[in-house]
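Below, read A as the first sequence line, B as the second, and so on, with proteins coming before strands; counting in each chain starts at 1.
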Number of protein chains: 2
Amino acid sequence: MLEHFHEISSETPVDKIIRQIRDLITSSQLNSGDRLPPERKLADRLGVSRTHVRGAIRKLEFYGILKTVPQSGTLVSGIGITALEGLITDVIKLEKSDFTSLVETRVILETHGAKLAAQRRTPEDIAEIKKALVAYEQQVIKGNSAVEEDLMFHLKIAEASKNTVLKSLMLIITPDIINNFIQFKVCDDQTNKEVFKDHQAILQCIIEGDGAGASKVMEEHLKDVVDFSQSVIALIT
Amino acid sequence: MLEHFHEISSETPVDKIIRQIRDLITSSQLNSGDRLPPERKLADRLGVSRTHVRGAIRKLEFYGILKTVPQSGTLVSGIGITALEGLITDVIKLEKSDFTSLVETRVILETHGAKLAAQRRTPEDIAEIKKALVAYEQQVIKGNSAVEEDLMFHLKIAEASKNTVLKSLMLIITPDIINNFIQFKVCDDQTNKEVFKDHQAILQCIIEGDGAGASKVMEEHLKDVVDFSQSVIALIT
DNA sequence: TTCAATAAATTGGTTAACCAAAATTATGGA
DNA sequence: TCCATAATTTTGGTTAACCAATTTATTGAA
């Protein structure tokens with residue numbers, strides 16, 4: 001019975017257009033470096049409204065694939081067609097991501113972030129991280145979940161790393177991390193106290209400028225989360 | 001004379017609105033979990049058109065900060081206000097990034113990507129990577145720059161890592177990397193041949209399942225780019 | 001024939017009106 | 001008084017028309 005149902009087409013008009021723009025590129029009707037057809041023509045040809053075309057352009061622009069010049073036209077980025085094809089295919093399905101990959105990537109970013117933070121932190125950075133730690137402690141004392149305060153501590157470390165790209169990537173995956181935290185209820189009272197101790201240890205390493213130590217403690221700190229993700233996967237499988 | 005000129009206000013209406021929405025949150029007129037005022041009210045209150053409000057919402061939605069439900073309303077994500085404040089401030093200035101951070105982060109992502117690829121690659125992955133390598137070789141023989149083919153090789157490795165998030169983050173920074181490549185003309189004939197040998201060595205490690213080796217060779221491979229970035233910085237400073 | 005001035009067409013940016021689904025309120029029968 | 005139902009309002013989604021800057025075509029005098 002159930003197998004007769006089809007997956008509902010949740011693909012938005014915008015995604016459809018992105019797909020079609022890719023086809024234009026694939027069929028060499030649209031080459032790297034030259035101009036996209038005007039929005040009106042595109043809308044007309046694809047049989048959709050201009051609003052949706054604009055939406056698609058905004059999204060591709062966000063990824064650096066397109067570049068629009070007011071009152072002039074939309075240019076296909078200098079990036080080569082070969083790479084473009086691969087890129088656009090993924091932009092569409094980029095939004096959703098699996099838990100394991102998320103955690104794995106987080107560990108990678110955070111261990112390096114902690115290391116760099118220890119090497120480059122200023123007194124101001126230390127003050128900010130301390131502030132975040134105190135805010136977390138207060139929430140834990142009140143018995144609250146404090147997921148945001150937890151993450152804020154980590155974000156402040158990313159900020160102290162002085163690597164803007166690393167911080168940006170952290171910001172991008174942060175909402176997903178929080179959602180997973182809430183969904184799987186990773187945190188309870190006991191965990192929170194351990195987390196606090198871990199955080200203290202990490203901060204200490206950063207203050208001392210001990211990059212290797214900060215990286216190591218951070219990795220151990222996140223190991224619990226990794227283990228948890230493994231157990232969840234095992235449960236599902 | 002020159003100091004009398006002001007920096008032109010290149011802040012788009014959308015960015016202005018994002019800033020104002022943050023203010024709404026900061027002043028606790030808008031709390032985590034509850035609904036954003038309807039688009040019309042917001043547009044009215046901020047004195048802008050609904051289109052711009054929608055643009056701002058799309059952008060914040062992209063970052064997981066907002067979530068719109070058709071015919072119902074736009075919800076502020078479960079993420080706490082504390083973190084939200086920090087996040088939104090950065091969303092605005094997220095787009096631009098510095099070269100050093102970019103390269104540094106790339107090395108981090110790629111070394112881990114290569115390691116995971118060596119551990120998890122399927123025969124299909126190897127075939128894909130080989131194909132990218134051949135495409136690169138052909139461009140080099142022709143004497144072309146082959147920046148895209150180079151990047152494509154790296155993207156295929158990211159794909160073989162089976163870590164969707166890592167690959168996504170690679171995709172996000174790829175356009176910036178390409179732009180910097182073109183801007184600084186990192187590549188010439190001699191470099192290209194060395195790059196090809198490096199790529200071959202990396203592929204060999206991946207085929208053999210040698211994670212540590214793949215990671216190491218990848219790091220050395222990217223070291224040249226790192227050095228180059230350092231020299232550029234030194235030149236500017 | 002050449003080229004500057006001007007008019008027309010084209011561009012992305014913006015606005016306001018309309019649509020259908022959902023939430024809310026009003027209504028009336030039990 | 002209560003609750004199911006219908007009318008109304010409110011919501012985000014969509015469309016089409018308008019705007020100003022730019023580019024292209026036209027025109028006419030040198």
Side-chain angles (χ1 to χ4, degrees), chain A residues 8-21 24-25 29-78 88 92 95 175, chain B residues 8-21 24-25 29-78 88 92 95 175:
Chain A
I8 57 158
S9 167
S10 66
E11 190 178 47
T12 69
V14 169
D15 287 339
K16 280 180 186 163
I17 295 168
I18 290 181
R19 198 180 297 279
Q20 302 226 41
I21 289 179
L24 281 181
I25 294 171
Q29 295 181 52
L30 203 56
N31 289 299
S32 165
D34 55 29
R35 290 159 56 141
L36 209 69
E39 295 177 354
R40 285 172 180 80
K41 297 259 177 68
L42 256 180
D44 197 35
R45 167 150 178 200
L46 300 179
V48 291
S49 85
R50 223 183 111 202
T51 312
H52 292 140
V53 172
R54 301 197 99 230
I57 291 176
R58 292 284 153 280
K59 210 163 188 172
L60 291 172
E61 200 173 7
F62 184 89
Y63 284 98
I65 293 171
L66 296 179
K67 168 94 182 161
T68 83
V69 182
Q71 269 71 42
S72 170
T74 303
L75 302 169
V76 179
S77 150
I88 297 183
I92 300 165
E95 269 109 85
Chain B
I8 57 157
S9 165
S10 66
E11 192 180 45
T12 69
V14 170
D15 286 339
K16 281 181 186 162
I17 295 168
I18 290 181
R19 199 180 297 280
Q20 302 225 43
I21 290 180
L24 281 180
I25 294 171
Q29 294 181 53
L30 203 57
N31 289 299
S32 165
D34 56 27
R35 290 160 57 139
L36 208 70
E39 294 178 354
R40 285 172 181 79
K41 297 259 175 66
L42 255 180
D44 199 34
R45 168 150 179 200
L46 301 179
V48 291
S49 85
R50 224 183 111 203
T51 311
H52 292 142
V53 172
R54 300 197 98 230
I57 291 176
R58 292 286 154 279
K59 210 163 186 172
L60 291 172
E61 200 173 7
F62 183 89
Y63 285 97
I65 292 169
L66 296 179
K67 169 92 182 164
T68 81
V69 182
Q71 270 71 43
S72 170
T74 302
L75 302 168
V76 179
S77 150
I88 297 182
I92 301 166
E95 271 109 82

> Between atom OG1 of B/Thr68 and atom CG of B/Leu36, what is the distance when rounded to the nearest 0.5 Å?
Replying inline: 10.0 Å

> Going by heavy atoms in the side chains, are B/Leu66 and B/Val76 under 4.5 Å from each other?
Replying inline: yes

> In whole angstrom, what separates B/Glu39's CD from D/dT14's P?
Replying inline: 11 Å

> Nearest-Å distance, CD (B/Glu61) to C1' (D/dG12)?
Replying inline: 11 Å

> C/dG13 P sits how many Å from B/Asp15 CG, rounded?
Replying inline: 14 Å

> How long is the line joining CG of A/Asp44 and P of D/dA17, in whole Å?
Replying inline: 13 Å

>> Expressed as a whole number of angstroms, how long is the span from B/Gln71:CD to D/dG12:C1'?
In response: 5 Å

>> Between B/Pro70 and A/Lys41, which residue's closest nucleotide on DNA chain C lies nearer the 5′ terminus?
In response: A/Lys41

> Can you check side-chain contact (heavy atoms from CB on, under 4.5 Å) on A/Val14 and A/Ile17, steps first, answer last?
Replying inline: CA-CA 5 Å; A/Val14 169; A/Ile17 295 168; 5.6 Å; no

>> Please report the distance, rounded to the nearest Å, between NZ in B/Lys16 and P in C/dT14.
In response: 10 Å

>> Between C1' on D/dT15 and CD1 on A/Ile17, what's the gap in Å once rounded to a whole number?
In response: 13 Å

> Considering only heavy atoms from C-beta outward, does the side chain of A/Thr74 approach that of A/Glu61 to under 4.5 Å?
Replying inline: no

> Is there a side-chain contact between A/Ile18 and A/Asp15, using heavy atoms and a 4.5 Å cut-off?
Replying inline: yes

> Which of residues 49-58 of chain A have a heavy atom under 4.0 Å from DNA chain D?
Replying inline: A/Ser49, A/Arg50, A/Thr51, A/His52

>> Let me spell it out: for each of A/Arg40 and B/Ser72, pick the nucleotide of DNA chain D with the closest heavy atom. Which residue's pick is nearer the 5' end?
In response: B/Ser72

>> Nearest 0.5 angstrom please: B/Ile21 CD1 to B/Lys59 NZ, how far?
In response: 12.0 Å

> Given atom NZ of A/Lys67 and atom C1' of C/dT11, what is their separation to the nearest angstrom?
Replying inline: 17 Å

